[in-house]
Amino acid sequence: MSTFSTVSLLPGLLNETVTLRGWIRAIRSSGKIRFVEFRDGSGTCQCTVEAIHPEAFAALEHCGQETSLAVTGVVKAEPRSPGGVEVSVTDVSIYQIAEEYPISRKEHGVDFLMQHRHLWLRSPRQEAILRVRHRIISAAREFFDLDGFTLIDTPIFQPGAAEGAGTLFDVDYFGSPAYLAQTGQLYLETAAMAMGKVYCFGPTFRAEKSKTRRHLTEFWMIEPEVAFYELEDLERLSENFLSHIVQSVLQHNRADLEALGRDVSLLETIQAPFPRLTYSEAVELLHNPALHEKLEQELAAEQQRCKELNQSITDLEHQLSQVSKAWKVEKLKKEIQELQDQVKELELWISNQPAHIEDAKSFEWGHDFGGDEETILSKQFERPLIVTEYPKEVKAFYMKENEADPRTVRNLDVLAPEGYGEIIGGSQREDDLDKLLSRMQAEGMDPEPYQWYLDLRRYGSVPHGGFGLGIERTVSWICGLKHIRETIPFPRLMGRMQP
RNA sequence: UCCAGCGUGGCUCAAUGGUAGAGCGGGUGACUGUUAAUCACUAGGUUGUAGGUUCGAGUCCUACCGCUGGAGCCA
C-alpha cells in the first residue's frame, strides 16, 4: 500500500483497505482483541486489532497513549464503534512508542494544562477550538477578499504609539527605542489612500497589567480601513462582517461547536442588522429605572437558582452516602463537583451584581464604559450591540469629531452578546489637518514623528474610517468559552510565557 | 498593585495537632466488542521553601515563592 488515507475520508471508503498515520488517543485491551482510539488530526476513529493477526496484535503490546503509528486495515461500517465506522487492522507499523503521556483522560488543573499547552493541544476540546479559530480567520479574510479589499501587511516594529504609551512593549532596536505594534491602523490609513479598500491581519501587543479572563498581552487583530467610508458605512460593514463569520462557523463547524457544548441557537440569530445605540442613548438606558428593576429581578432569579443548585448538591450527597459501587461513587462525586463549580460561578456573579447595578445607576456621561456596563448593555440584546459616538475625551486623537455634537467623536464599538464584551472598536478618522493638529496638541502629543501620517490630510484628504476585530475575543464568544487562554494555541498572558 | 483561596505520589484529591491514603496514570497478569472497559496483584512521598510554636505539625503562626479566582487598569 503506497498511498495513505485520513480518518475524515473513511465514511467514503467502506470495505476498502486503507493505511492511516496518526496517534493513539487511548487503547483498551480485552484478551484477544485491542481497541485503539486513533486520531490523525482530521478526526478520530476506532481501530480494532484481533489476535488472529499476531504481529499487529503484539506490536501494540506496550504502546501508551500518544504512541505514533501507521495502521493498515479494512474500513467497516460498525454500529458498535463510536463513529459508526471502524478499521479492522491487519498491519501495524510503529513510529515511536510513547510512555507515560502526562495528560490523562481524567481532569487536570489549569496550571498543569497550561504548562503542558504543547500537549494539551492534542485533546479533542482544543482541536475543536483550533478548528473554529481557523474558520473565523478564514471567513474574515474571505469576507474582505470577496468585497474587493487588498491585504496590506503593516509593521510590527513601530517607532511610536498610536494609543496610550503606557501599554506599549518597548524593544531595543539597534540602540534606538522601538515598540511592538498595538495596531496597524495608522499605516493602514495610508494604504487606504493608495488602494481604497484595505485590511491588515496580524499580532498586536498590549503591555496592560490586566489579569482577567478576556485579556492577552499578544493577540491577533484583523482591521479593515476604507477610503470614503463614514461612520454609517462602518456600522453596516461591521454587522455584515460579523454575520458572515458566525454563519460560516455554523455552516462548517457545527460539530465542533456541539463538542464544546455551545448553545448553537444563540448563534443562529446573529444576522444583520444589529441593534444600535449612541453612547448618550446607552447612558440613558443605564439610568432607566425599568432596566434597574429588570436587573434586580434577574439577581433574585439567580439567587433562587443558586439555592436550587445547593439543594441538588445536598440531594446528591445523600445519594452518595447510600451508594457503595466504586464507579457510581465516582460518577456522583463528579456531578457534585460540577454543581459546586456552577454554584461558585453563580455566587461570584451574585456578589458582584449589586455593585454593577449601582455603577449603572450612578454612571456619569463622559466616562468610558467599564466591563460591567458593557456586560449590562450587551445582555439587553440577542445580537451584537453597536454603540457609537463616545465622548471625545475617552477616545483616541485620530477619531473624527462629531459635527452634530462636538463633545463626541464618530466612533463605534461592537459589544458581543452574553457578556463577552467589546470585540470591535473603530471610527471614522479625522480628515481635517487643522482639527487633527489641535487634537494632538490637546493630548500633549508631538506632531513631528507623525508628519508622514499628517501628509494624508495634505495630499487629497478624504473621509475614511475602519475598525479592528479582536480574533481571540471573537473565538471566545463563538465557542462560548470561559477564558480567553484557550482561544489561541500559545497564549501570552500577564505572568505566563511558557511554553 | 490590591483582596481572597489553594500548594500532599506523574495527575485529581482525602487525611479532629497523634502510624500520610484513594482513584486515575505506570508495571505484571486475566479476559474476543471495549466506549474514562473491567478484575487481581504491584511500584511510587523530605506534604512549595525557610523559620517558629508544641512532647508531637500535612494540619497552628510568620515570611517568601508559585498558581487560581476576582478587583483595578484596558480601541
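Below, read A as the first sequence line, B as the second, and so on, with proteins coming before strands; counting in each chain starts at 1. Side chains included, hydrogens not; waters and symmetry mates left out as well; all remaining heavy atoms used.
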Distance check, [atom1] atoms only: [N] and [M], in whole angstrom units.
N: B/U28; M: B/G69; atom1: C1'; value: 43 Å
N: B/G18; M: B/G27; atom1: C1'; value: 35 Å
N: B/A15; M: B/G52; atom1: P; value: 28 Å
N: B/A57; M: B/C24; atom1: P; value: 34 Å
N: B/G29; M: B/A4; atom1: C1'; value: 50 Å
N: B/G58; M: B/G45; atom1: C1'; value: 12 Å
N: B/G23; M: B/C39; atom1: P; value: 10 Å
N: B/G48; M: B/C11; atom1: P; value: 13 Å

Just call it for [X]: base, sugar-phosphate, or nothing, with non-hydrogen atoms closer than 4.0 Å on any strand.
X: A/I424; value: nothing
X: A/K211; value: base
X: A/E100; value: sugar-phosphate
X: A/Q46; value: base
X: A/E86; value: base
X: A/S29; value: base
X: A/G426; value: nothing
X: A/S351; value: nothing
X: A/H116; value: nothing
X: A/G109; value: sugar-phosphate
X: A/E347; value: nothing
X: A/R25; value: nothing
X: A/P102; value: nothing
X: A/R105; value: sugar-phosphate

Interatomic distance, A/R133 atom CZ to A/C479 atom SG [nearest 0.5 angstrom]: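 Here the interatomic distance stands at 10.5 Å.
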
Does any nucleotide pair with [N] by Watson-Crick or G-U wobble geometry, both distances under 3.5 Å, and what is it?
N: B/A57; answer: none
N: B/A15; answer: none
N: B/C41; answer: B/G27
N: B/A20; answer: none
N: B/A50; answer: B/U62
N: B/U68; answer: B/A4
N: B/G33; answer: none

Given RNA chain B, 5'-ward residue of the pair A/Q65 and A/G31, judged by closest heavy atom: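 Residue closer to the 5' terminus by nearest nucleotide: A/Q65.
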
If you assign A/G371 and A/E345 each to the RNA chain B nucleotide with the nearest heavy atom, which residue ends up on the more 5' nucleotide? A/E345

Does OP1 or OP2 of [N] have a side-chain N or O of [X] closer than 4.0 Å?
X: A/K106; N: B/C24; result: no
X: A/R485; N: B/G69; result: yes
X: A/R214; N: B/C74; result: no

If you check every side-chain atom of [X], which of [options] has the closest atom?
X: A/H62; options: B/G33, B/U28, B/G70; value: B/U28
X: A/T48; options: B/G72, B/G33, B/G25; value: B/G33
X: A/M494; options: B/U1, B/U68, B/G69; value: B/U1

Answer yes or no: is there a donor N or O on one side and an acceptor on the other, between the side chain of [X] and the main chain of [Y], under 3.5 Å?
X: A/D359; Y: A/E373; result: no
X: A/T204; Y: A/F219; result: yes
X: A/E486; Y: A/Q126; result: no

Counting heavy atoms not belonging to A/Q441, are there more than 12 under 6.0 Å from its CD? no

Quick check on A/E99: does its CD atom have over 12 non-hydrogen neighbours (other residues, nucleotides or ligands) under 6.0 Å away? no

Could you state the CG-C1' distance from A/D111 to B/U12, rounded to the nearest angstrom?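 Going from CG in A/D111 over to C1' in B/U12 covers 14 Å.
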
When rounded to whole Å, the NE2 to P distance for the pair A/H108 and B/C6 reads 23 Å

Please identify which of these residues, A/R105, A/R39, A/R25, meets the salt bridge (charged side-chain N to carboxylate O under 4.0 Å, His left out) condition with A/E66. A/R39

Distance-only donor-acceptor test, A/S210 side-chain atoms vs B/C73 base atoms, 3.5 Å: yes

Side chain of A/H215, base of B/C74: donor and acceptor closer than 3.5 Å? yes

When you compare the side chains of A/Q46 and A/R80, does any donor N or O come within less than 3.5 Å of an acceptor on the partner?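 Distance-only check fails for A/Q46 and A/R80.
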
Under 6.0 Å from the six-membered ring centre of A/Y398 and within 45° of its axis: does the NZ or CZ of A/R439 meet both?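 Judged by the rule (NZ or CZ under 6.0 Å from the ring centre, within 45° of its axis), A/R439 is not positioned above A/Y398.
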
